Structure formats: C-alpha cells, structure tokens
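So that the names make sense, note that chain A is the first sequence line, chain B the second, and so on, each numbered from 1. All of these numbers come straight from a predicted model, not from anything done at the bench.
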Amino acid sequence: MSEQNDLVKRRFEELEEIKAHGINPYPHRYDVTSDSKAIITSFTDPQNEEETEAQKQVTVSVAGRIMAIRKMGKATFCHIKDSTGKIQIYLKRDDVGEDAYGIFKLLDIGDIIGVKGFVFRTKTGEVSIHAHSFELLCKTLKPLPVVKEEITETGEKIIHDAFADVELRYRQRYIDLIVNDHVKEIFIKRTKIIQSIKRTLEDQKFFEVETPTLQSIYGGANAKPFVTHHNALDIDLYLRISNELFLKRLVVGGFDRVYEFVRDFRNEGIDRTHNPEFTQVEWYQAYGDYFDSMNLFEEVVEKACIAVNGKPEATYSGTVLNFSSPWKRVRMVDAIKEKTGLDVTNTDKAALIDFMKANNYEFDPKIAHSKGLLIANLFEVACEEDLVQPTFIYDFPIDTTPLCKPLREYSMQQLEEMKKDPEQVIYAERFEPYAYKWELGNSYTELNDPVLQRKLLEEQVERGRGGEEETHPLDEDFLNAIEVGMPPTTGVGLGVDRLVMLLTDSQSIRDVIFFPLMRPQ
RNA sequence: GGGACCGUAGCUCAGUGGUAGAGCAUCUGCCUUUUAAGCAGAGGGUCGGUGGUUCGAAACCACCCGGUCUCACCA
C-alpha cells in the first residue's frame, strides 16, 4: 500500500477535515465557462471607472490544478493550471467568506479547484481572476514536485528545481506532463504531425484501414518478433513486426490507395532511437512506382514540419534540417563512390572485401557470400554519417529485400543471366529517406511478379535454415494473394517516432512516446 | 550482452572514513495586490538492497536491484 510519509499523512488529515465540514472532496461535475488562455488573451484594460465596474460584473468560471500558493494572511494568491495554460487567482477572505477561506487553507499544490470571479489586472501587471467563490473538485493525496518559475526583468523564464529525474519522468508520465510544460508541448506536436500526415494522404485519396496486430505468420520486415499464445485455438501468435503483407493483400483486393498507422513490435534492444513498440505509417499506391513515393514522402514530411514549426525547417541538436522538397536523390552506388572513391559496379567481390578490410569498414562475415549485402553494408558504415540534410538513397542491391522489384532497365533475359553470376549485383527499386543520419523510412516499387516473389521468399527461408537470423517463415497466403494478382504498386513505411524526434528536437525516442517500456520495479 | 557513470528528505542537490546537510515543499505564528512573495520558528532520512573491510561506513570492497550515456545488436 501507499507509504505514509508525513506529507501524505497530512493530506489525509486535511481530507477528513474537509469532509467534516460537509464538503464532498470529489464532486461529480463543474460548469466551466472559460479557460486561462482565452481569459488572458481577451482581456483589455479598462479606461475609466465605468469600464472597471462593468468588468467586475462579468463572471467567469474556470477549473484547474493548483500549481502555486502564496498566502498573505487574509488574502491568498494562487496559480491554477488548465489544459490551455496558467492563470492567477486572487482570493480574499472578505469576498469568499470566512468558512470558505478556512477551507481554502486546507488545500495544497496539486489539488483541483473550480473558481468563479471577475477578471482584472493586478498592481504588478498580471491578468488574474478575483474570486467570488471556489469549489474543491479533487483533493489530492500525493505531493507534486515543486517547480518554480521566475520571470526575469528581460522576460526570460527561469525554471527552478525542474522535475528532471528521467526515470521518474518516464515511469510517472502524468507527473511529468503536469509539471513540465515542454513535455506536453512535444506530445501536442506529435499529434499534430500525425494529423498532418493523415491530411496529406487523405488529400491524395488514400484510404485509412486497419489490419491485424496478432499474426500467425509474421513478415514484411526482418526482425525478431514477440510471441504470444491464443488459448482457445491453442496456437502461438506473433505481435506484428510490420503490416506490409496485409496492406498488399488489400491492394490485391482492390483498395488502390491505402494507409495505416500501426504499432509494430520488435523484440530487440532498447536505445535512444529504438523502443520495442513503435509507430509506423505505411501507405500503398497502386499504379505508382518508387519515384511517386519519393515525391509523396517529401510532401508528407515537409507539410508535417510546417504543421508544427511553421516552416519547412527544423533544428535538431543545433543542426538546421531543411525539409523543403525536392530532396537530394542519390543512388547507393554513387553515394559510395563519392565517399570512398570506389566504383563498386566494376569491383569484384574479393576486391570489395579487400577494400573494406583495408579501410576498416566493418562487416559481419555472415554476409560475405553476397556482394549485394556487402555493398549495402559498405554504404551503411561509410556513407550514413554524412546524410544530415534530407536525402533519398535509392537503388539497393536486391539481396537486401525479397519484396521489391528489380530495376526496370533490366531485360528479362538479362535478369536471368545476372542471377546465375554471383559477381553480378541486381539492383532493386528501393529507396530509404535519410535525415540527420537516420533512416526515416523505407520504400519500394513493390514486387508483383508471383514467380520471382515466391523464389525470393523461399530463398530467404532457406537462408533462415542456414542459420541467418531474423528471417521469417514462408507466408503461403501472401504468395497466393500475389498470384491472384497485385497491380503495379509502390509502398512506403515511415517511422513516426523518429520523425517526431527530428521535428521536436527530442534526444530520445522515450521523449516522444508517452509510456516507453521500462523494466518493472 | 560489454564499458563508463549515477542512486542521499516529497522535489532539486551538497556531503570522500568520525555517526545527516541546504533550498523549495510541509507544519506553527505574523501578514488583504503577491508572484522563485516575505519574516520568525518547527518537524521530516533504514543515505537503492544485501554482505564484507574497519573501533567506526552515506563514503572503501563484492554481489544484487533500478537508471543514464555509450558500444554491440537493430532493413
């Protein structure tokens, strides 16, 4: 049960005292007629006695949480906070009555009250409410961290004793939100970003859908899943690592433009940019290719940035990122050539490995069988760190994904010959958008050739049996859908949490997720 | 999983071997336009946990718990 320190004990005593006065400390409702922001922005100073008197006749009713109390004998100032901001309340014994004033003395920082009164400006210049009456709406039992704000003569706001313990902030986010204004701002921006993305997609006639979180076969990405169990069916199920294969089924079913915001779950490490559950938006557009997706991706992000920052620029860790379209577009092999000087298109695999070893570009020996994977690896270790301004990297080796179409420039015969030669790298119409060195998403001209699709997925399963981790089991029903026929299609996945981080200058993914995963205490 | 660092009052933090401190918050008194309100006084701690070293541990050592950063992992 709750620990009984002196502060809590005292509040229980106050609670009993309030009840003893016949007051319900937890009433059912309260009529709110205004809010702190509206009151402060709409206030105009009276020009004469008449106007002053007239203002006193107008009663407002507000409600909020007490954030500061300054008792001065028979009068008290306090600040209450509502969802729009803070406003000062001026409360005199002679106005509210001796009994009520006595009750007010039993209130604490954190308690929620309703106040009725008129608006005025104090001697020191703050627009405030002169209370006729107040009503206790919730007596609180736990003390709130005391955070004090000082406004300097230059108008700067200094926060004293900020509630800063990161662990406590994440574990008790409700307290974080109450006392740290900037935290609430970030989450308001998060929602605005999501709304903006939806608006951009809806304007382009994309249709919002919902697909399963619980899946009997996981796929669409390369990641370790969370496993759970369904009792009635007595089967193991997986929490989705991606919704890609289901959205494609819907395109097969005739939904030409679909999108879904989903929580994906990946059973992997936790760090500054990874949480086990995270949010992605994926959209699929029939009859388009990956260039269409680049265009739309730029538009989606630029508009989201404007929605929260008022301009297509965001400052992250002191670096100004310009999301104005068009973004830079660079082929992966060109990015490698520019950075390392190596033209991988006329380098054989052995020479590539030598080059990487000679230049200390690390790679996992398990990928050494594939020239394509080596190239993708070289790109990651050599080039990613330079991708600060928004950039599309495109044309990935096909070995990096089984779900993407090869480049259109290959003839069918050429492709057949290339497949036989391990020195030949087939490139696929895949791109990844980068900003501040992070992958912001992933996109393909989707593979809709059922024969090649089956072959690539079967190869992946084979590699899985060969010990390569994190490949997924063969999804026969998905292959069936592709055999039923999917129109030419392009699809995009966008990492919402990382985008929110970039647009709100947040240093950890935990700062943009209300309740990040923490080890239970 | 490796490495570095952190855990002291409700909150923010000082305290490096001699028995626990400050500011805010809380409580009492004064104060009817204050705003980090002020003035005077008071209470509040198993110093993350367990073991060890020592005459003596918040401090030193070991292990454990929780966290932060970082590396590894991560399409």
Side-chain angles (χ1 to χ4, degrees), chain A residues 3 5-11 13-14 67-79 86 88-96 101 105 108-110 120-126 128 130 141-152 157-172 175 179-180 220-224 241-242 244 266-276 278 362 364 367 373 376-377 379-380 384 393 396-397 399-404 428 430-432 438-439 441-444 460 469-472 493 495 507-508 510 518-521:
Chain A
E3 72 224 35
N5 67 39
D6 286 352
L7 297 176
V8 175
K9 208 178 281 175
R10 170 66 194 163
R11 290 193 177 207
E13 288 165 9
E14 288 166 346
M67 299 304 290
I69 302 176
R70 292 179 291 282
K71 285 178 187 158
M72 298 166 39
K74 297 177 185 66
T76 294
F77 284 93
C78 68
H79 272 94
K86 275 183 203 157
Q88 182 170 252
I89 308 295
Y90 179 51
L91 211 114
K92 277 201 296 188
R93 189 194 66 177
D94 295 348
D95 291 332
V96 299
Y101 198 72
K105 284 184 175 170
D108 291 291
I109 290 173
F120 75 114
R121 189 185 291 278
T122 64
K123 273 184 190 169
T124 49
E126 181 165 349
S128 308
H130 189 133
L141 295 177
K142 286 283 172 71
L144 233 39
V146 181
V147 180
K148 297 216 172 189
E149 275 178 23
E150 180 184 4
I151 312 288
T152 63
K157 194 192 271 188
I158 300 173
I159 309 286
H160 295 275
D161 299 334
F163 177 56
D165 185 297
V166 187
E167 183 180 356
L168 278 181
R169 285 183 45 227
Y170 295 152
R171 286 191 192 277
Q172 300 183 52
I175 293 176
V179 301
N180 289 330
N222 214 355
K224 289 177 201 146
I241 58 171
S242 164
E244 168 156 0
R266 298 189 181 176
N267 206 340
E268 284 158 1
I270 298 173
D271 65 24
R272 207 162 67 83
T273 56
H274 295 84
N275 193 63
F278 64 102
E362 287 183 21
D364 187 338
I367 65 164
L373 290 180
N377 189 98
F379 163 77
E380 278 174 30
E384 269 190 7
I393 297 296
F396 284 51
D399 313 47
T400 60
T401 169
L403 297 164
C404 183
R430 170 184 190 177
F431 77 82
E432 285 191 342
W438 297 346
E439 301 165 25
N442 186 21
S443 171
Y444 311 140
Q460 193 183 50
E469 277 185 57
E470 290 172 26
T471 53
H472 39 77
Q507 299 306 306
S508 167
R510 291 176 155 191
M518 302 288 283
R519 192 183 290 276
Q521 282 183 312

- Query: B/A25 P sits how many Å from A/D161 CG, rounded?
  - Reply: 10 Å
- Message: Strictly below 4.0 Å: does A/R10 bring a side-chain N or O up to OP1 or OP2 of B/C27?
- Response: yes
- Task: Would you classify A/F396 as touching base, sugar-phosphate or nothing, given that sugar-phosphate means primed atoms plus P, OP1 and OP2, and contacts are heavy atoms under 4.0 Å?
- Result: nothing
- Item | Under-3.5 Å donor-acceptor pair between A/Q88 side chain and B/U34 base | yes
- What nucleic acid atoms does A/R70 come within less than 4.0 Å of, heavy atoms only: base, sugar-phosphate, or nothing? base
- Measure from the side-chain N and O atoms of A/S128 to the backbone N and O of A/E126, and report whether any donor-acceptor pair falls under 3.5 Å. yes
- Any chance the side chains of A/N442 and A/R430 put a donor and an acceptor closer than 3.5 Å? yes
- Task: Would you mind telling me which of B/U34, B/A25, B/C74 lies closest to the side-chain atoms of A/H274?
- Result: B/C74
- Pairwise C1' distance, B/G45 and B/U53 [rounded to whole Å]: 25 Å
- In whole angstroms, the gap separating C1' of B/G67 from CD of A/Q172 amounts to 14 Å
- For a side chain to side chain contact (heavy atoms under 4.5 Å, CB included) with A/P145, tell me which candidate from A/D161, A/I175, A/N180, A/L168 qualifies. A/I175
- According to the Watson-Crick and G-U wobble definitions, with both distances under 3.5 Å, which nucleotide is paired to B/C24? B/G10
- Message: Need to verify one output field. Residue with the more 5' nearest nucleotide on RNA chain B, A/R11 or A/A164?
- Response: A/A164
- Would you call A/R11 and A/K142 a side-chain contact if the rule is heavy atoms closer than 4.5 Å? no
- Message: Distance check needed: B/U8 P versus A/E167 CD, whole Å only.
- Response: 10 Å
- Determine the contact category for A/E380: base if any of its heavy atoms lies under 4.0 Å from a base atom, sugar-phosphate if only primed atoms, P, OP1 or OP2 are that close, otherwise nothing. nothing
- Between A/H160 (NE2) and B/A25 (C1'), how many Å, whole number? 15 Å
- Touch class at under 4.0 angstrom, heavy-atom based, for A/R171 against every strand present: sugar-phosphate
- Item | Atom-to-atom span, CG of A/L168 to C1' of B/U68 - whole angstrom | 13 Å
- Provide the distance between the two C1' atoms, one in B/C65 and one in B/U50, to the nearest whole Å. 10 Å
- Minimal heavy-atom distance between A/L7 and A/P143, with the atoms involved, is CD1-CG, 4.0 Å
- Using the C1' atom in both, what is the distance from B/G23 to B/A37, to the nearest Å? 16 Å
- Between A/E432 and A/Q507, name the one whose nearest nucleotide on RNA chain B is closer to the 5' end. A/Q507
- Of the nucleotides B/U33, B/A37, B/U28, which one has an atom closest to the side chain of A/F120? B/U33
- Has the side chain of A/T124 got a donor or acceptor that lies under 3.5 Å from a partner of the other kind on the base of B/U33? no
- For A/D165, report the nucleic acid contact type (base, sugar-phosphate, nothing); a contact means any heavy atom under 4.0 Å. sugar-phosphate
- Which nucleotide in B/U68, B/U33, B/C27 has an atom nearest any side-chain atom of A/M72: B/U33
- Describe the nucleic acid contact of A/E439 in one word from base, sugar-phosphate, nothing, applying a heavy-atom distance below 4.0 Å. sugar-phosphate
- Calculate the interatomic distance between A/R519 atom CZ and B/C65 atom P; express it in whole Å. 8 Å
- If you look at every strand shown and take non-hydrogen atoms under 4.0 Å, does A/A376 touch a base, only sugar-phosphate, or nothing? nothing
- Query: For A/R510, which contact category applies under a 4.0 Å heavy-atom criterion: base, sugar-phosphate, or nothing?
  - Reply: sugar-phosphate
- Task: Looking at every strand, decide which applies to A/T122 at a 4.0 Å heavy-atom threshold: base, sugar-phosphate, or nothing.
- Result: base
- Item | Pairing partner (Watson-Crick or G-U wobble, both distances under 3.5 angstrom) of B/A4 | B/U68
- Item | Any donor-acceptor N/O pair under 3.5 Å between B/G10 base and A/D6 side chain | no
- Item | Residue A/M518, side-chain heavy atoms: nucleotide from B/U26, B/U35, B/G67 that is nearest | B/G67
- B/C64 and B/C69, which share atom name P, separated by this distance in whole Å: 22 Å
- Taking all non-hydrogen atoms of both residues, which atom of A/S242 and which atom of A/G220 are closest, and how far apart? OG-O, 3.6 Å
- Task: Using a heavy-atom cut-off of under 4.0 Å over every strand shown, decide if A/E244 touches base, sugar-phosphate, or nothing.
- Result: nothing
- Separation of the C1' atoms in B/G43 and B/C31, to the nearest angstrom: 23 Å
- Salt bridge flag under 4.0 Å for residues A/R10 and A/E14: yes
- Closest to the A/Y170 side chain: B/U35, B/A75, B/U68? B/U68
- Name the pairing partner of B/C60, where a pair is Watson-Crick or G-U wobble with both distances under 3.5 Å, or state none. B/G52
- Query: Can you tell me how far C1' in B/G21 sits from the matching atom in B/A14, rounded to whole Å?
  - Reply: 7 Å
- Quick one: A/E149 CD to B/C24 P, roughly how many Å, whole number? 18 Å
- Query: To the side chain of A/K74, which of B/C24, B/C31, B/U68 is closest?
  - Reply: B/C31
- How far does the C1' atom of B/C61 sit from the matching atom of B/A57, given to the nearest Å? 11 Å
- Message: Using the side-chain heavy atoms of A/K148, tell me which of these nucleotides is nearest: B/U35, B/U34, B/A36.
- Response: B/A36
- Message: Heavy atoms only, 4.0 Å cut-off, all strands: where does A/Y90 land among base, sugar-phosphate and nothing?
- Response: base
- Task: Looking only at non-hydrogen atoms, find the nearest pair between A/H274 and A/G269 and report the distance.
- Result: CB-O, 3.6 Å
- Message: Does A/R266 reach a base, just sugar-phosphate, or nothing at all? Heavy atoms under 4.0 Å.
- Response: nothing
- Message: Counting only Watson-Crick pairs (N1-N3 plus N6-O4 or O6-N4) and G-U wobbles (N1-O2, O6-N3), all under 3.5 Å, who is the partner of B/G38?
- Response: B/C30
- Which whole-number value in Å describes the distance from A/L141 CG to B/A25 P? 21 Å
- Query: When the C1' atoms of B/U26 and B/G10 are considered, how many whole Å apart are they?
  - Reply: 9 Å
- Query: What class does the angle between the rings of A/Y90 and A/H130 fall in, given that below 30° is parallel, 30 to 60° is tilted and above 60° is perpendicular?
  - Reply: perpendicular
